[in-house]
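Scope of the values below: all heavy atoms of this structure, side chains included, with no hydrogens, waters or symmetry mates.
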Amino acid sequence: MSKKIKFMCTAFRDGFQSVYGARVLSKDFMPAVKAAYDAGIRWFEAGGGARFQSCYFYCREDAFDVMDAFRKTCPDADLQTLSRGVNVVGLDSQPSDIIKLHADMFKKHGMTTIRNFDALNDVNNLKWSGQCIHDAGLKHEVTVTMMGLPPGVDNKGAHTPEFYAERIKQIQKAKIPFDRVCFKDASGTTPPRVVFETIKAARKLLGDKVHIQFHSHETAGNGLTCYLAALEGGADGIDLSLAPVSGGTCQPDVITMWHALRGSNFDLDIDIEKIRAAEDVFKDCMKDYFLPPEAIHANPVIIWSPMPGGALTANTQMLRDNNLMDKYDQMIDEMYDSVRCGGFGTSVTPVSQFYFQQAFNNVMFGKWKKIAPGYGKMVLGYFGKTPVAPDPEVVKIASEQLGLAPTTETVLEINDKDPKKGRKAAEQMLTEAGLPVTDENVFIAASCLEKGIAYLKDPAKAPLGIRLNEKQAAAGKDGPCTVTLNGKAYGVEIKGDQAIVNGKPYAFTVADGLVAAPAATAAAPASAGDTQVTAPVPGLILRITAQPGTPVKKDDEILVMEAMKMEMPIKAPKDGVVASIPVATGDKVNTGDVLATM
């Protein structure tokens with residue numbers, strides 16, 4: 001008799017993150033969720049991870065509303081979300097009160113399970129987060145993160161079956177409550193034999209009654225083989241996706257896995273024709289979205305530069321936003337040294353983003369010339385203990401550039417005493433913005449900071465980063481559309497001789513050809529001695545710290561840019577007075593654009 005294999009459908013969370021950079025609208029995909037539910041699927045990944053922040057950053061949606069819609073569509077399904085341990089759903093780590101609020105809010109909005117992992121496999125980062133998930137009445141799927149180290153790199157005892165088995169022992173010793181155990185390989189780089197031996201060892205430690213789940217991607221081309229190895233090793237369940245967000249940078253397709261198991265001792269227990277029909281609905285729902293070419297095929301180079309599927313397309317979408325895709329191959333190459341020198345944290349968010357941010361900086365500024373804040377704090381110990389000691393020279397450089405000493409304090413010890421983090425700080429942000437102080441708003445403010453506040457103040461004016469294919473984008477010119485100028489979105493609708501822009505009517509005329517426009521007033525020449533402060537890379541103006549007329553010392557912060565999800569302080573190059581700041585919060589800038597004069 002064949003063994004019934006349970007599977008979670010990842011299409012509507014990891015699938016979106018791994019293919020579209022998590023930039024999708026719920027109104028577009030919810031009919032596909034209904035089709036999958038009607039086809040008999042009862043276990044969905046429904047939020048969390050990058051899909052939480054992306055709702056506010058790119059989709060003009062409230063992530064809690066999306067969760068509510070998911071629950072309404074799937075009334076009796078197990079709806080699971082993804083949490084990054086002490087980082088919950090952001091790149092930065094949180095204090096104890098926000099970690100608890102995360103579990104409480106996700107329970108309130110219809111979720112039933114949270115998969116909870118730490119990218120460094122530091123069990124200290126799973127203790128409180130796991131307890132909060134359990135106490136909220138949710139199922140806790142505690143997770144060990146996996147990856148294959150680049151060929152030629154000495155593993156130093158990390159990322160082996162023995163290393164992963166030791167993490168299970170530490171979880172058991174810490175008495176972290178859990179309902180299931182997952183082994184998660186976000187980059188799809190673990191060799192199949194390591195997967196088999198790991199699951200086999202875990203089964204021996206956990207006994208026959210604990211559900212073991214396995215998760216991987218097809219990014220490097222061996223996802224399906226690893227799934228078969230996991231099942232042979234004793235796994236009870238696997239993560240699968242649906243076309244058009246399956247294979248490539250995502251999980252294997254349900255249909256592909258069904259076919260691979262035909263004639264074996266394993267069975268997905270599905271109606272394959274209903275699944276095929278559901279995929280047809282899903283493909284139709286997503287037909288207007290731009291499908292990045294790098295998302296639809298395996299890339300063997302990823303074995304040397306373990307980039308998770310979920311981070312790969314999120315980063316290529318941002319590179320496209322900033323016209324930097326020509327640097328992509330160089331950045332992937334630089335991932336090798338980012339991983340090799342960084343302490344072997346698993347390449348999964350947030351660590352995968354730290355690796356990529358450092359690779360980005362190495363390409364744009366020179367090797368180790370500019371340490372990415374997340375990467376630097378990671379090698380210095382501020383996100384927990386890395387599996388092995390980071391390269392000492394990189395630690396030294398990071399300490400000098402960031403002005404931070406290495407630490408052995410736990411993340412919660414650091415964050416619980418940080419006045420800039422936690423509920424009180426989030427409530428202050430809301431109050432200063434004139435926004436209601438609700439539990440949902442507190443969590444949005446804490447996890448999304450300025451971008452979350454901007455969304456809450458006026459959702460209609462929040463950025464819309466959905467990328468449509470060229471045919472659909474062109475079609476939008478004949479009806480209502482969104483025009484983005486310098487990073488700011490404007491809703492435009494033509495009615496007769498009026499253009500309705502963000503709800504306000506303007507008279508307009510159109511003439512064939514180019515009509516001479518009044519010459520732009522030339523900028524006044526900078527006075528003698530004026531110094532221009534320019535953008536080092538393309539990015540977004542996140543906040544302005546100093547105003548015109550403000551005296552500053554050399555290296556004082558003038559403003560903060562954001563590039564590749566990384567805050568980049570722009571500092572005064574000398575002592576002086578800020579003369580002008582010709583940019584505003586929310587503006588997109590290119591390399592060399594003037595940000596301030598002194």
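Under the 3.5 Å distance criterion, with hydrogens and angles disregarded, no donor-acceptor pair is assigned to the side chains of Thr597 and Asp530. Between Glu334 and Gln330, the side chains place no donor N or O within less than 3.5 Å of an acceptor N or O (distance only, hydrogens not considered). Using modelled atom types and a 3.5 Å distance limit, the side chains of Gln358 and Asn362 yield a donor-acceptor pair.
Looking only at side-chain heavy atoms (C-beta outward), Lys421 and Asp92 come within less than 4.5 Å of each other. Contact of the Met147 side chain with the Val351 side chain is not registered, since no non-hydrogen atoms from C-beta on lie closer than 4.5 Å. Taking 4.5 Å as the limit, every side-chain heavy atom of Asn87 sits out of range of all side-chain heavy atoms of Phe117. Within the 4.5 Å cutoff, the side chain of Val339 has heavy atoms near those of the Pro306 side chain. Proximity of Pro373 to Glu567: side-chain heavy atoms (C-beta onward) are nowhere separated by under 4.5 Å. Counting only heavy atoms from C-beta outward, the side chains of Asn299 and Thr219 never approach each other to under 4.5 Å. Within the 4.5 Å cutoff, side-chain heavy atoms of Thr431 are placed close to those of Val437. With a 4.5 Å cut-off on side-chain heavy atoms, Ser347 and Met335 count as touching.
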- [ ] Please assess Ile453 against Leu430 for the test side-chain contact (heavy atoms from CB on, under 4.5 Å), listing each intermediate value before the final yes or no.
- [x] CA-CA 7 Å; Ile453 294 295; Leu430 293 167; 3.8 Å; yes
- [ ] Kindly determine whether Trp128 and Val86 satisfy side-chain contact (heavy atoms from CB on, under 4.5 Å), including the steps that lead there.
- [x] CA-CA 8 Å; Trp128 176 244; Val86 291; over 6 Å; no
Open item on the list: Working note: Thr410 + Asp122, criterion side-chain contact (heavy atoms from CB on, under 4.5 Å); need CA distance, chi angles, decisive distance, verdict.
Closed with: CA-CA 10 Å; Thr410 68; Asp122 185 343; over 6 Å; no
Task: Steps toward side-chain contact (heavy atoms from CB on, under 4.5 Å) verdict (Lys184, Leu82) - done: CA-CA 11 Å; Lys184 176 180 172 66; Leu82 186 68; 4.2 Å; yes
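Cation-pi geometry between Lys451 and Tyr56 is not satisfied (NZ or CZ under 6.0 Å from the ring centre, within 45° of the ring normal).
No donor-acceptor pair under 3.5 Å is formed between the side chain of Ser187 and the backbone N or O of Met307. Although no hydrogens or angles enter the test, the distance criterion places a donor-acceptor pair under 3.5 Å between the side chain of Ser54 and the main chain of Ala22. No donor-acceptor pair closer than 3.5 Å links the side chain of Asn469 to the backbone N or O of Leu291. Not one N or O on the side chain of Asp337 forms a donor-acceptor pair closer than 3.5 Å with the backbone of Arg340. A donor-acceptor contact shorter than 3.5 Å is absent between the side chain of Thr81 and the backbone of Gly47. Judged by distance alone, with hydrogens and angles left aside, the side-chain atoms of Asn441 form no donor-acceptor pair with the main-chain N or O of Ala445 at under 3.5 Å. The main-chain N or O of Gly90 is found under 3.5 Å from a side-chain atom of Arg84 such that the two form a donor-acceptor pair. Side chain of His102 to backbone of Val89: no donor-acceptor contact under 3.5 angstrom is found.
Contact record, Leu412 with Gln94: CD2-O, 3.7 Å, taken as the closest heavy-atom pair. Residues Leu25 and Tyr289 come closest through the heavy atom pair N-OH, 3.1 Å. Of all non-hydrogen atoms in Asp97 and Gly422, the two that sit nearest each other are OD1-CA, 3.6 Å. Here the shortest heavy-atom pairing between Tyr455 and Ala462 reads CD1-CB, 4.0 Å. Considering every non-hydrogen atom in both Val589 and Leu595, the closest pair reads CG1-CD2, 4.0 Å. Nearest heavy-atom pair, Pro582 versus Val594, reported as atom, atom and distance to 0.1 Å: CG-O, 3.5 Å.
Phe64 meets the ring-ring contact (aromatic ring centres under 6.0 Å, His included) test with Phe52, His109; sequence neighbours excluded. With sequence neighbours left out, the side-chain contact (heavy atoms from CB on, under 4.5 Å) criterion links Pro392 to no other residue. The side-chain contact (heavy atoms from CB on, under 4.5 Å) search around Ala295 returns Val19, Thr249, Pro292, Thr313, not counting sequence neighbours. By the side-chain hydrogen bond (donor to acceptor under 3.5 Å, both in side chains) test, Asn124 pairs with Lys127, sequence neighbours left out. Annotation: salt bridge (charged side-chain N to carboxylate O under 4.0 Å, His left out) contacts of Glu450 (sequence neighbours excluded): Arg543. The salt bridge (charged side-chain N to carboxylate O under 4.0 Å, His left out) check on Lys100 picks up Asp104, with sequence neighbours excluded. With sequence neighbours excluded, no residue forms a salt bridge (charged side-chain N to carboxylate O under 4.0 Å, His left out) with Arg51. Listed by chain and number, the residues in a salt bridge (charged side-chain N to carboxylate O under 4.0 Å, His left out) with Arg423 are Glu427, Asp439 (sequence neighbours excluded). Evaluation of the side-chain contact (heavy atoms from CB on, under 4.5 Å) rule for Ser26 yields Phe29, Met30, Glu61, Val66 as partners, not counting sequence neighbours. Not a single side-chain hydrogen bond (donor to acceptor under 3.5 Å, both in side chains) links Tyr20 to another residue, sequence neighbours left out.
Here CD1 of Ile332 is found 6.0 Å from OG of Ser305. Values are rounded to the nearest 0.5 Å. Atom CD1 of Ile98 is separated from atom CG of Asn415 by 10.5 Å, given to the nearest 0.5 angstrom. We find the OG-CG distance between Ser96 and Leu101 to be 12.5 Å, quoted to the nearest 0.5 Å. For the atom pair OG (Ser338) and CE (Met378), the distance works out to 8.5 Å, reported to the nearest 0.5 Å. Between the OG atom of Ser580 and the CD atom of Gln532 there is a distance of 8.5 Å, given to the nearest 0.5 Å. Atom CZ of Phe356 sits about 7.5 Å away from atom CD of Gln353, to the nearest 0.5 Å.
The environment of NZ in Lys367 is crowded: more than 12 heavy-atom neighbours from other residues, nucleotides or ligands sit within 6.0 Å.
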Anything under 3.5 Å between a donor and an acceptor, one on a side chain of residues 554-561, the other on a protein residue two or more places apart or in another chain? List them.
| residue | atom | partner | partner atom | Å |
| --- | --- | --- | --- | --- |
| Asp556 | OD2 | Lys553 | N | 2.8 |
| Glu557 | OE2 | Thr545 | OG1 | 2.7 |

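Residue pairs satisfying the side chain to side chain donor-acceptor pair (under 3.5 Å) criterion with at least one member in residues 369-396, sequence neighbours excluded, are listed as follows: Lys396-Glu400.
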